[in-house]
Amino acid sequence: INTYYTACESGDHLFMNNDIIYVAKETEAPVPFTLTVYAEDDTVVASGEFDFDAGTEKMYLTVTEDGRIVEEPAGV
């Protein structure tokens with residue numbers, strides 16, 4: 001489910017609103033957030049904790065087959 005509460009298909013992109021960017025800029029510090037991926041039957045497929053830095057325009061996160069969420073270098 002993305003931030004708009006609709007299901008994402010494999011390979012889809014997820015776009016978050018600008019709130020996290022605003023908070024990171026206002027606090028001048030990375031903002032922690034948790035991303036959890038659910039299967040259609042509501043079981044957790046993967047979950048991870050990350051920090052969003054205001055200097056970062058985009059984050060690339062990938063869910064692996066073994067249930068991890070890893071951050072990829074930008075532009076991959």
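Sequential numbering from 1 along the given sequence is applied to the chain's residues. Hydrogens, waters and symmetry mates play no part in the numbers below; they use all other heavy atoms, side chains included.
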Going by heavy atoms in the side chains, are Glu71 and Tyr60 under 4.5 Å from each other? no
Within a strict 4.5 Å, meaning less than it, do heavy atoms of the Val37 and Ser47 side chains meet? no
Which residues satisfy the ring pair (Phe, Tyr, Trp, His ring centres under 6.0 Å) test with Phe50, sequence neighbours excluded? Phe33
Please name the pair of heavy atoms, one in Asp42 and one in Tyr38, separated by the smallest distance, quoted to 0.1 Å. O-CD2, 3.5 Å
Correct closest heavy-atom pair for Ala39 and Val45 would be N-CG2, 3.5 Å
Nearest 0.5 Å please: distance from the CD1 atom of Ile21 over to the CG atom of Asp53. 11.0 Å
How long is the span from the CE atom in Met59 to the CG atom in Leu35, to the nearest 0.5 Å? 9.0 Å
Let me check something: any side-chain donor-acceptor pairs from residues 63-70 under 3.5 Å, sequence neighbours excluded? List them with distances.
from, atom 1, to, atom 2, distance (Å)
Thr64, OG1, Asp66, OD1, 2.3
Thr64, OG1, Arg68, N, 3.0
Thr64, OG1, Arg68, O, 3.2
Asp66, OD1, Arg68, NE, 3.2
Asp66, OD2, Arg68, NE, 3.1

Criterion side chain to side chain contact (heavy atoms under 4.5 Å, CB included) on Asp51 and Val31, from CA distance to verdict: CA-CA 5 Å; Asp51 292 313; Val31 176; over 6 Å; no
For Asp41, which residues count as a side chain to side chain donor-acceptor pair (under 3.5 Å) partner, sequence neighbours excluded? Thr43
